[in-house]
Number of protein chains: 2
Amino acid sequence: MATRRATTQSAYQQIRRAIVEGRYRPGQRLVEQRIGEEFDLSRTPVREALRQLEAEGLVHSEPNRGAVVREVSLDEISDLYDLRARLEGYAAELAAQRIGPAELERLDAGIAAFEHALGADWDDELDQVRAIDDANREVHGAVLAGARHDRLGRLLERTVDVPLVFQAFRQFDRAQTERSHLFHQLIRDAILAGDGQRASALMFEHVMLGRDVLLAHLEASEAQVDELFST
Amino acid sequence: MATRRATTQSAYQQIRRAIVEGRYRPGQRLVEQRIGEEFDLSRTPVREALRQLEAEGLVHSEPNRGAVVREVSLDEISDLYDLRARLEGYAAELAAQRIGPAELERLDAGIAAFEHALGADWDDELDQVRAIDDANREVHGAVLAGARHDRLGRLLERTVDVPLVFQAFRQFDRAQTERSHLFHQLIRDAILAGDGQRASALMFEHVMLGRDVLLAHLEASEAQVDELFST
DNA sequence: CATGCCCGAATTGTATACATTTTCGCTCGA
DNA sequence: TCGAGCGAAAATGTATACAATTCGGGCATG
């Protein structure tokens with residue numbers, strides 16, 4: 001990732017994390033000046049970071065009225081996961097044909113990290129969720145890299161990758177997380193075997209299972225979306 | 001589309017058009033100051049426009065080294081069309097289930113405009129290409145709107161929609177353009193009939209046919225990509 | 001003559017000042 | 001009491017000034 005000069009990049013990462021982890025809630029206004037003071041920056045880099053986040057769809061902004069954290073409805077979540085399932089399925093299919101040793105190694109490392117995060121004894125549960133989320137990102141990132149399709153990779157990393165994944169892991173119980181781990185391994189094996197069909201189908205299913213869990217939680221609690229963030 | 005205040009938006013549109021139509025060639029540096037003078041703006045809106053274009057993938061930029069028009073290899077073009085075919089196929093599938101009367105009307109209007117652009121007698125061939133490109137955009141945009149999937153729409157409109165489509169129409173002969181027109185109508189009928197399967201397959205094929213024509217031209221002339229732009 | 005270093009011009013990154021627009025409370029009048 | 005209109009405060013949009021970085025050319029040196 002093109003690390004711009006430190007300030008813009010730091011603004012970007014901090015704002016992003018705050019949104020993804022739910023500290024900035026959906027609908028909340030993001031005032032440039034205020035955020036700048038919070039991170040001790042001028043408005044310029046904050047502004048640029050907000051524009052980046054807008055391009056990624058995490059933030060919505062209107063002409064002279066500034067940026068707000070984007071709100072997502074249940075239907076949109078459902079649609080979004082459908083889309084992710086297709087795109088990542090396609091990525092897995094390509095990876096089965098194109099992956100190289102470096103990306104395979106990264107994939108295995110991600111899987112190992114996931115297992116480690118799952119097993120270790122954590123003081124702070126939020127830290128565990130972060131570790132699992134990071135490892136998960138690494139696994140999916142490795143598949144994307146293996147697909148060797150620049151544009152697809154950027155779409156998935158920077159546009160479809162919403163806060164939802166992180167929030168989803170909060171909702172996952174242990175069994176569900178272990179099931180994710182299993183799917184990661186199956187996907188790895190299919191890719192290693194060069195079987196694009198199976199890799200694609202497994203990835204599709206893997207994402208859709210995540211969708212089901214998340215939606216079930218949301219519907220069961222009759223929650224508005226931002227209910228998710230109130231934990 | 002969120003029209004920001006005039007200057008940024010105008011910088012964005014002018015730079016974009018210059019890239020899409022090939023006046024700014026792949027690999028060319030885009031110096032903020034110079035462009036600002038060209039359009040009589042300060043660097044600020046130019047800078048913002050460039051960042052937007054970077055997010056869309058039309059421009060590539062590195063940390064302290066500025067922006068250049070992105071270069072695209074033959075393989076990437078092929079991959080890109082594959083991706084577009086899948087995404088637009090999916091959009092057509094959704095549209096068959098979700099489209100409403102307003103979008104259908106827009107679709108028909110786009111098809112009519114395409115036919116008109118194809119038939120009229122043009123002084124300037126470039127104007128005809130522009131008219132055809134606009135009508136084509138309208139048709140595909142209507143399908144996207146009918147899919148009622150915000151994120152998908154934005155991906156296709158703002159991220160995968162590269163200069164290639166415009167360049168492709170330059171390469172099309174009359175028969176190929178008429179074939180596109182035919183497919184537009186078939187897709188419309190399938191959507192109207194609510195047949196997602198067929199709509200999806202037709203759209204997939206439609207995009208892939210465009211890919212084939214473009215790639216055939218490129219390979220036949222043993223061209224580098226920017227050969228396209230030298231006309 | 002080749003090579004490496006240093007300096008300066010060009011360009012990007014960041015901060016700040018100014019202009020324009022929006023927001024929101026308040027007064028005034030029906 | 002309620003609503004329209006006004007105006008000040010706040011926030012965004014744009015311009016400009018300043019800092020840091022990159023890149024290339026010239027000069028010294030081996």
Side-chain angles (χ1 to χ4, degrees), chain A residues 1-19 23-71 154 158, chain B residues 1-19 23-71 154 158:
Chain A
M1 179 104 315
T3 58
R4 320 210 157 287
R5 194 187 178 84
T7 54
T8 294
Q9 208 42 330
S10 126
Y12 170 78
Q13 285 172 350
Q14 295 191 70
I15 299 171
R16 185 176 218 289
R17 165 169 271 201
I19 294 175
R23 293 199 304 281
Y24 291 168
R25 303 266 292 270
Q28 179 174 339
R29 281 194 68 182
L30 300 172
V31 178
E32 296 169 2
Q33 174 107 28
R34 210 190 52 71
I35 296 178
E37 283 165 13
E38 190 176 332
F39 302 145
D40 202 45
L41 299 168
S42 85
R43 278 178 54 210
T44 311
V46 172
R47 196 179 166 76
E48 235 174 80
L50 287 176
R51 285 288 146 74
Q52 258 184 271
L53 292 165
E54 186 188 0
E56 293 180 30
L58 265 63
V59 155
H60 175 77
S61 76
E62 286 180 52
N64 283 299
R65 309 175 64 203
V68 300
V69 179
R70 190 186 176 92
E71 312 190 54
R154 288 196 12 232
R158 295 180 30 187
Chain B
M1 178 106 314
T3 56
R4 320 211 156 286
R5 196 190 173 85
T7 54
T8 294
Q9 209 40 328
S10 123
Y12 170 78
Q13 286 173 347
Q14 295 191 71
I15 299 170
R16 186 176 216 288
R17 166 169 269 201
I19 295 175
R23 293 198 305 280
Y24 290 168
R25 304 265 292 269
Q28 179 174 339
R29 280 193 70 183
L30 300 172
V31 178
E32 297 169 1
Q33 174 104 32
R34 211 190 52 69
I35 297 178
E37 284 165 12
E38 189 175 333
F39 302 146
D40 202 46
L41 299 168
S42 85
R43 278 178 54 210
T44 311
V46 173
R47 196 178 167 75
E48 234 173 81
L50 287 176
R51 285 288 144 77
Q52 257 182 273
L53 292 164
E54 186 188 1
E56 293 178 32
L58 264 63
V59 154
H60 176 77
S61 77
E62 285 180 53
N64 283 298
R65 309 175 59 196
V68 300
V69 179
R70 190 187 177 90
E71 312 190 55
R154 289 196 11 231
R158 294 179 34 187

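The chains referred to below are lettered A, B, ... by the order of the sequence lines, with proteins before strands, and numbering in each begins at 1. As the structure is a prediction and not an experimental result, all values here were calculated from the model.
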query: Which of residues 30-37 of chain B have a heavy atom under 4.0 Å from DNA chain C?
result: B:L30, B:V31, B:E32
Residue pair A:S10 / A:L41: nearest heavy atoms and the distance that separates them: OG-CD1, 4.5 Å
- prompt: For D:dT12, does OP1 or OP2 lie under 4.0 Å from any side-chain N or O of A:R43?
  reply: no
- request: Identify, with sequence neighbours excluded, every residue that meets salt bridge (charged side-chain N to carboxylate O under 4.0 Å, His left out) alongside A:E38.
  value: A:R34
field: Bending between helix ends of the helix from C:dC1-D:dG30 to C:dA30-D:dT1 [5 pairs per end, 10° resolution]
entry: 10°
message: Holding to side-chain contact (heavy atoms from CB on, under 4.5 Å), I want the full list of residues that pass it with A:A67, two or more places apart in sequence or in another chain.
response: A:L30, A:L50, A:V59, A:S61
task: Examine D:dG13: is either OP1 or OP2 under 4.0 Å from a nitrogen or oxygen in the side chain of A:R51? Give yes or no.
output: yes
message: Would you say A:R65 places a side-chain N or O within less than 4.0 Å of OP1 or OP2 belonging to C:dT21?
response: no
query: Rounded to the Å, how far apart are A:E62 CD and C:dT21 C1'?
result: 14 Å
- request: Using the test salt bridge (charged side-chain N to carboxylate O under 4.0 Å, His left out), find all partners of A:R154 that sit at least two apart in sequence or belong to another chain.
  value: none
message: Nearest heavy atom decides the nucleotide; on that basis, is A:R29 or B:R47 closer to the 5' end of DNA chain C?
response: B:R47
task: For D:dT14, take OP1 and OP2 only and decide whether either is under 4.0 Å from a side-chain N or O of B:S42.
output: no
statement: Residue set satisfying salt bridge (charged side-chain N to carboxylate O under 4.0 Å, His left out) with A:R47, at least two apart, ordered chain then number -> A:E32, B:E48
statement: Side-chain contact check for A:N64: nearest option of C:dT14, C:dT12, C:dT21 is C:dT21
- prompt: Looking only at side-chain N and O atoms, does A:T8 come under 4.0 Å of OP1 or OP2 in C:dG13?
  reply: no
- request: Answer yes or no: is there a side-chain heavy-atom contact under 4.5 Å between A:E71 and A:H60?
  value: no
From CD (B:Q52) to CD (B:E56), nearest 0.5 Å: 6.5 Å
task: Quick one: closest heavy-atom pair of B:R25 and B:V69, and the distance?
output: O-CB, 3.4 Å
query: What are the two closest heavy atoms between A:A49 and A:I15, and how far apart are they?
result: CB-CD1, 4.2 Å
